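Notes for the one structure printed next.
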Number of protein chains: 2
Amino acid sequence: MATIKDVAKLAGVALSTASYALSGDSKVSAKTKAKVLEAARELNYRKNGFAMDLKRSRTNTIALILTDLSGPYYSELIRSVQDVALANGYDLIACSSMGGRDSTAVRFLREKRVDGAIILAHNIHDDILVESAGHRFPIIVMDRQLSSDHLVNVLVDGEQGGYLATRHLIQAGHQKIAYISGPSNSYDNALRYQGYLRAMREAGLEEKSKWRLNGNFVREGGYSATKMMIMQGDLPSAVFYGNDEMAIGGLKALEERGVSVPDDISVIGFDDIQLSEYVHPPLTTIRQPKHEAGSLAGHLLFQMLNGEAVDPSYTLTINMIERSSVRSV
Amino acid sequence: MATIKDVAKLAGVALSTASYALSGDSKVSAKTKAKVLEAARELNYRKNGFAMDLKRSRTNTIALILTDLSGPYYSELIRSVQDVALANGYDLIACSSMGGRDSTAVRFLREKRVDGAIILAHNIHDDILVESAGHRFPIIVMDRQLSSDHLVNVLVDGEQGGYLATRHLIQAGHQKIAYISGPSNSYDNALRYQGYLRAMREAGLEEKSKWRLNGNFVREGGYSATKMMIMQGDLPSAVFYGNDEMAIGGLKALEERGVSVPDDISVIGFDDIQLSEYVHPPLTTIRQPKHEAGSLAGHLLFQMLNGEAVDPSYTLTINMIERSSVRSV
DNA sequence: CTGAAAGCGCTAACAT
DNA sequence: ATGTTAGCGCTTTCAG
């Protein structure tokens, strides 16, 4: 691999001149520049990214860290972060936090291989985030409440969302309402469940533990939790799934058992993933302002990168999308 | 930010000793090692990733380059690549090729910020791939046929898939079969379309241009193409959508217009994305061996990284998943 | 086992 | 406008 040294030699100029010419600095005469560029082309010269980063101690790259790159959930969010990054002349890379302490994500954080990060990965410990965030390394956390310097929260009001969903069901006349939950260590799940409880309590309704099943926020989990619920007998008249993925799994289980939605049972989800509009029946759900959240997270990160002051925490409001999976009784 | 120099000084040892201790080399006495580690902890020392990469001229990271990080399509593929990377002790980052020549992806390729790459991004030009691939930089291309040194193809037999889909429709008695296509510059689309044509020709059926509409491989495109087809009057009795996303958009358009699937019209898709099983009716489709493809791509990349010889091109076979969107006439 | 020293490829003062 | 030079932080010979 040719280095800038080789280019300089071939062009017959000094190292620095070559460097200036290659990075388009204006203090190089057009003729010299052409000579250098030609030499570079001839040698098929490529800048070595690391050397540049090392020198500059900046990467011009931010990372978006997700639990699992393969999740379809965050499409919209990724796109909005990406747009902001692009607009700021930065690169965005996504990396997975699978693999715990040895994950790519953690290495990128600890070794500061990027200039800042947006986190949406509950399996990364608070300590790692707190210890990594710093003056020259802002972090935006989107999946939990966490206070520290150079670390800001962008959250969605999940409690409110859970409350809204449950109240909607109650207002439609439902009294027996199940909750299919996400992982027990999920902050999001906890909030949604709290909202559910608040609405139930407010309406004087009782939460039955047999109607609280775990679906781990995945489709398959929603499917099996629902199967189990059906097998138990004594179906609730409505079920609030902690997210749309599980609701979709649930819809499938229900259909397989000949339980009609919404005639026999009402279903409400959470997130409003793209898919929810397309399932049968179209899913009534709580819409996460994913676009806004991603955009805000991106903007905040760049503000911090530019040394501007920002609030330590932002919470976005949430609202409901009525489709056809809930019926009044 | 503390450097290894600071650590060495605090621990009262030489720079190199600190380096050895920190990277767990066995030629350091346990006592010295403890001293160094303690100093590192005290200073909250973190290795500088770039310096290390520069020195080692290896990153231990591979990149998966996708057109658009936010696409839900490639979940399975991403996961299988990730598993292979993890198993080989490598990190995986995903980056987007949005932004053309200035995209993150292209920078990572040109500046060799990773050790190798898997490409699934038709908007990256052949030249960039050919010019980037090299002895120490293997590339796996999954979205086109491209021959060059240190570059291998992992493809899926799309022509065969298109043929299978169309023949299935024909065998079910359909004669008027529409094809909703992807972007005209897509290699995948071209193959699928060729397969469609082959089956039609073989059955002595005629392709009508009014039944060939473009949906750009996106849901919305499938939706509007279908709307347009309905407006034209004279519906075909079956339609082959170039991918499932478009088919799902189409299903929605059909439902809105009261055209029943499969009673009034049969529908077949391509890809077998997760969602296809969940739409109404469940979509008959051609299953891409995404898991196998990702896994193979990953394995090949590591073989090349290890200097092993591999074939220049691999083609995976494809098969059909029958669900309920096709009916015999 | 430890320490001194030589770079990896590049940028950016500084000097010419 | 161009050249000289000193590192960025780290790993890794090579001598003690």
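Each chain gets a letter, A, B and so on, in the order the sequences are listed, and its residues count up from 1. What you see is a predicted model, and the numbers here were worked out from it, not measured in a lab.
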Review point. With no hydrogens and no angle check, is any side-chain donor or acceptor of B/Ser57 less than 3.5 Å from a backbone partner on B/Asp53?
Key: no

Revision key, fill the gap. Closest to the 5' end of DNA chain D, once A/Thr17 and B/Arg56 are matched to their nearest nucleotides, is A/Thr17

Produce the list of close N/O pairs, under 3.5 Å, pairing protein atoms with atoms of nucleotides 4-7 of chain C; give distances to one decimal.
residue	atom	partner	partner atom	Å
C/dA4	N6	B/Ser16	OG	3.3
C/dG7	N2	B/Lys55	NZ	2.7
C/dG7	N3	B/Lys55	NZ	3.1

Check your understanding: Between B/Lys33 and C/dC1, is there a side-chain N or O to OP1/OP2 distance below 4.0 Å?
Key -> no

Exercise for review: Take the protein atom CD1 of A/Ile4 and the nucleotide atom P of C/dC8, then report the distance between them rounded to whole Å.
Suggested key: 14 Å

Review point. In degrees, rounded to 10°, what is the bend between the two ends of the helix from C/dC1-D/dG16 to C/dT16-D/dA1, using five pairs at each?
Key: 40°

Mind listing the side-chain donor-acceptor pairs of residues 2-15 of chain A below 3.5 Å, one per line with the distance, residues two or more places apart or on another chain?
residue	atom	partner	partner atom	Å
A/Thr3	OG1	A/Lys5	N	3.1
A/Asp6	OD2	A/Thr3	N	2.8

Practice item. Have a look at A/Leu64 and tell me which of A/Ile140, A/Ile93, A/Ile118 forms a side chain to side chain contact (heavy atoms under 4.5 Å, CB included) with it. Key: A/Ile118

Exercise for review: Tell me what B/Thr32 touches on the nucleic acid: a base, only sugar-phosphate, or nothing, going by heavy atoms under 4.0 Å.
Suggested key: sugar-phosphate

**Study point:** Shortest non-hydrogen contact between A/Ile65 and A/Ala105, atoms and distance
**Key:** CG2-CB, 3.4 Å

**Study point:** side-chain hydrogen bond (donor to acceptor under 3.5 Å, both in side chains) partners for B/Asn123, two or more places apart
**Key:** B/Ser97

Practice item. Could you tell me from which nucleotide to which nucleotide of DNA chain D, 5' to 3', there is an atom under 4.0 Å from chain A heavy atoms? Key: D/dA1 to D/dG9

Exercise for review: Only pairs at least two apart or in different chains count here, so list each side chain to side chain donor-acceptor pair (under 3.5 Å) that has a residue in residues 34-44 of chain B.
Suggested key: B/Glu38-B/Arg41, B/Asn44-B/Arg46

Point to revise | Euclidean distance, A/Lys47 NZ relative to B/Arg113 CZ, rounded to 0.5 Å | key: 10.0 Å

Practice item. Select base, sugar-phosphate, or nothing to describe what B/Ser57 touches, counting heavy atoms under 4.0 Å on all strands. Key: nothing

Exercise for review: Name the nucleic acid region contacted by B/Thr3, choosing base, sugar-phosphate or nothing; use a 4.0 angstrom heavy-atom cut-off, strictly under.
Suggested key: sugar-phosphate

